[in-house]
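Below: the structure, in structure tokens.
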Amino acid sequence: MIPALVVMSMETKMYGIIGKMKIAPGQRAVVIDYLLEGIQSMPGCLSYIVSKDPGDPEAIWITEAWDSKESHRNSLTLPAVQQAIARARPLIVGFDERIETMPVGGHGLIGVA
């Protein structure tokens with residue numbers, strides 16, 4: 001077994017979100033920086049990845065895995081998250097796709113046993 005590979009039991013109900021965000025022209029790098037600030041202190045966050053959309057210079061994807069939907073909801077009240085949202089909001093022109101998932105395991109889910 002690969003040490004970093006995680007397989008959850010069927011009773012475990014992790015929560016995931018994959019979303020595409022549209023950014024004002026020329027502001028993608030700034031928004032990425034804002035979204036990556038302060039993410040180390042989000043209780044229950046197993047994975048938080050911000051990615052550039054290679055086909056759209058004004059879009060990013062955010063992929064998240066949480067130990068529960070409640071942890072994700074609670075993260076939105078954290079001061080660092082509130083600050084990141086406030087700073088990024090004026091540069092966000094819209095949201096395209098948003099998909100909720102139920103992760104069951106894989107490589108890179110931190111803190112899961």
Next item on the list: Drop me the distance from Leu76's CG to Gln82's CD, to the nearest 0.5 angstrom.
Entry: 7.5 Å
Check: Closest heavy-atom contact between Met14 and Met102?
Finding: O-CG, 3.4 Å
Notebook entry, point to check: For the hydrophobic clusters of this structure (ILVMFWY residues joined by side-chain heavy atoms under 4.5 Å, transitively), does one cluster hold both Val93 and Ile60?
Noted result: no
Margin query: Using a 6.0 Å cut-off, check whether atom CD of Glu37 has over 12 heavy atoms from anything other than its own residue.
Written below: yes
Item checked: Joint cluster assignment, Phe95 & Ile32, ILVMFWY side-chain distance < 4.5 Å -> yes
Checklist line | Heavy-atom pair with the smallest gap, counting every atom of Ala88 and Val31 | finding: CB-CG1, 4.2 Å
Note to self: Quick check: closest heavy atoms across Pro103 and Gly16, and the distance to 0.1 Å?
What the structure shows: CD-N, 3.5 Å
Check: How are the rings of Tyr15 and His72 set to each other: parallel, tilted or perpendicular (split at 30° and 60°)?
Finding: tilted
Check: Would you call Ile99 and Ile17 a side-chain contact if the rule is heavy atoms closer than 4.5 Å?
Finding: no
Item checked: Minimal non-hydrogen separation, Ile49 against Ser51, with atom names -> CG2-OG, 3.6 Å
Next item on the list: Say whether Leu78 and Ile39 are linked into one hydrophobic cluster, either directly or through other cluster members, by side-chain heavy-atom distances under 4.5 angstrom.
Entry: yes
Margin query: Quick check against the 3.5 Å criterion: does Glu58 have a side-chain atom that pairs as donor or acceptor with the backbone of Gly26?
Written below: no
Margin query: Applying a strict under-4.5 Å side-chain criterion to I, L, V, M, F, W and Y, I'd like to know whether Leu91 and Val81 cluster together.
Written below: yes
Checklist line | Ile92 with Val50, same ILVMFWY side-chain cluster at under 4.5 Å | finding: yes
Item checked: Closest contact, heavy atoms only, Ile62 versus Met21 -> CD1-CE, 3.5 Å
Item checked: Sidechain N-carboxylate O distance under 4.0 Å for Asp56, Lys22 -> yes
Notebook entry, point to check: Closest approach of Arg28 and Ala59, non-hydrogen atoms and distance?
Noted result: NH1-O, 3.1 Å
